[in-house]
Amino acid sequence: MTVAQARRILDRYEKIATRADRTRDAALLAEVAAGNVLERQTAGYRQYNALSQHERAPFARPTDYRSPAFHIPSGAPWFLVTATRAAPAPQPTVLVFARESGAESEARAGRETRAEGKRTGQGAETAESKRTGEGVETAEGKGTGDGGARAEGERKTNGAREGRTVTRWRLRVALPLQAAGPLPRIATTRSRLATEVDATAGSGGPRPRPYDVQRAYEDLWQTGGTDEARLLAPNAVTKEARSTYRHRDDELGAEGARRHFVPVSPRHRDSYALRTADGGVLAVVPLAHEQRLRVTRPDYQITPSDEEAVYDPAPRSTVISTFHGQALAHLPRQGRPAVLSAKYALVDSR
């Protein structure tokens, strides 16, 4: 993976995601996004008619990231981008793209190749994609020349109705910076490559692992931060979660219903981590919890919110809503970990 290839992957994502958001086309978005990012965004598509005009506005805006910096870890099937999202206001954002390989039907591949050619409007860009292995063409890094790569692709697809092996790069993380201050600087080697860190390993000495940050952040929602959340450095992100917990029942009144947040297993468990210049780790970890609303009197029922009603509109004594998300955290070599961003989306309600 080179910086030029990574930039083309980002450009392709921006073009297709802009079209997908404007038409709320989940299948189109799935060409360039996967995992939690895809789940969160397509949940918004499904809930669109229940959203306010203000909440609908982002779907009409172009996906546009300015001044991207590419952090490519040696030998890893993913890379991280730090960039500034242009609208509605400039906001530093962390993106992660990951490589995926799999089989698909020749007919579908042909449709997508033709569609991409129409979107680019120029054969040269499509040909470049074939050479680099981006998008839906041939697998990358086979150690062959252009002709060899094309021949390899032909061997896999020539008359093979059962499908072909393709390589895609899809967005797996999109997290805007919510905490004050700049992002920590990523460490690089003499070859200007980043260093991947095992997200399940310790970050040095007695420090917690990235997955410990996941549990600690969910503790803010479950207890208000009285247990595992004490290991986190306080900032705007933890303050918002604590405030939500503290005021969780305010709108419900003194009697009638109560709200609880319960951690659950994330649907998408992928995580990513790079070494930072201070010797610490910048990590992305999954998040997930349920919001459980229950009446306290047998003669009461809860009317779901407009977004919850998309999944089940019936008034009932208990409404259990599932939220999936991701967090960006900095685990410094010295000091407490800081959650720099945490984003959830409602993905189910029963």
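The residues of the chain are indexed from 1 along the displayed sequence.
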Consider only side-chain heavy atoms of I, L, V, M, F, W and Y, link residues closer than 4.5 Å, and tell whether [X] and [Y] are in one cluster.
X      : Y      : value
Val96  : Val81  : no
Val213 : Leu183 : no
Leu274 : Phe70  : no
Val237 : Leu231 : yes

I'd like to know if [X] pairs up with [Y] as an ion pair, taking the criterion as any Lys NZ or Arg NE/NH1/NH2 lying under 4.0 Å from an Asp or Glu carboxylate oxygen.
X      : Y      : answer
Glu228 : Arg215 : yes
Asp312 : Arg316 : yes
Asp64  : Arg66  : yes

Donor-acceptor pair, side chain of [X] and main chain of [Y], under 3.5 angstrom:
X      : Y      : result
Arg336 : Arg230 : yes
Arg269 : Ser265 : no
Glu55  : Ser52  : yes
Gln47  : Leu346 : yes
Arg85  : Pro92  : no
Asp11  : Arg8   : no
Thr244 : Glu240 : yes
Ser191 : Leu193 : no
Arg170 : Ala98  : no
Gln222 : Asp219 : no

Side chain proximity check, [X] to [Y], heavy atoms < 4.5 angstrom:
X      : Y      : answer
Thr82  : His71  : yes
Val310 : Arg46  : yes
Val173 : Gln326 : yes
Leu10  : Pro68  : yes
Ser349 : Val319 : yes
His330 : Val281 : no

[atom1]-[atom2] distance between [X] and [Y], expressed to the nearest 0.5 angstrom:
X      : Y      : atom1 : atom2 : answer
Arg294 : Ile320 : CZ    : CD1   : 5.5 Å
Thr322 : Tyr311 : OG1   : OH    : 9.5 Å
Arg209 : Gln214 : CZ    : CD    : 10.0 Å
Asn235 : Gln178 : CG    : CD    : 9.5 Å

Please report the shortest heavy-atom distance between [X] and [Y], naming the atom on each side.
X      : Y      : answer
Gln5   : Met1   : OE1-CA, 3.3 Å
Ala179 : Val339 : CB-O, 4.1 Å
Leu177 : Ser341 : CA-CB, 4.5 Å
Ala327 : Leu175 : C-CD1, 3.7 Å
Lys343 : Pro176 : CG-CD, 3.9 Å

- Task: Begin with the C-alpha distance, continue with both residues' side-chain angles, and end with the deciding distance and a verdict on side-chain contact (heavy atoms from CB on, under 4.5 Å) for Leu80 and Leu95.
- Result: CA-CA 6 Å; Leu80 183 145; Leu95 311 171; over 6 Å; no
Quick check: [Y] with [X] (ring centres under 6.0 Å apart)?
X      : Y      : answer
Phe261 : Tyr245 : no
Phe323 : Trp221 : no
Trp78  : Tyr272 : yes

- Item | More than 12 heavy atoms of other groups within 6.0 Å of His54 NE2 | no
- Message: Looking at Arg350, I'd like to know if its CZ atom is crowded, meaning that more than 12 non-hydrogen atoms belonging to other residues, nucleotides or ligands lie closer than 6.0 Å.
- Response: yes
Assess, by modelled atom type and distance only, whether the side chains of [X] and [Y] contain a donor and an acceptor separated by less than 3.5 Å.
X      : Y      : value
Gln291 : Arg259 : yes
Asp278 : Thr276 : yes
Asp348 : His324 : no
Glu308 : Ser321 : yes
Asp21  : Tyr45  : yes

- Item | Cation-pi check, Arg22 onto Phe59 ring (under 6.0 Å, within 45° of axis) | no
- Item | side-chain contact (heavy atoms from CB on, under 4.5 Å) between Thr18 and Ile16, intermediate numbers included | CA-CA 5 Å; Thr18 295; Ile16 294 179; over 6 Å; no
- Step by step, work out the side-chain contact (heavy atoms from CB on, under 4.5 Å) result for Leu282 and Leu328. CA-CA 7 Å; Leu282 183 68; Leu328 175 72; 3.7 Å; yes
- Determine, step by step, whether Arg12 and Glu14 satisfy the side-chain contact (heavy atoms from CB on, under 4.5 Å) criterion, reporting the C-alpha distance in whole Å, the side-chain angles of both residues, the deciding distance to 0.1 Å, and the verdict. CA-CA 5 Å; Arg12 182 173 183 267; Glu14 290 176 320; over 6 Å; no
- Task: Describe, in one word, how the ring planes of Tyr13 and Phe97 are oriented to each other, choosing from parallel (under 30°), tilted (30 to 60°) and perpendicular (over 60°).
- Result: perpendicular
- Take Asp270 and Arg172 through the test salt bridge (Lys or Arg N to Asp or Glu O under 4.0 Å) and record every step on the way to the result. CA-CA 9 Å; Asp270 50 317; Arg172 306 281 307 197; 3.2 Å; yes
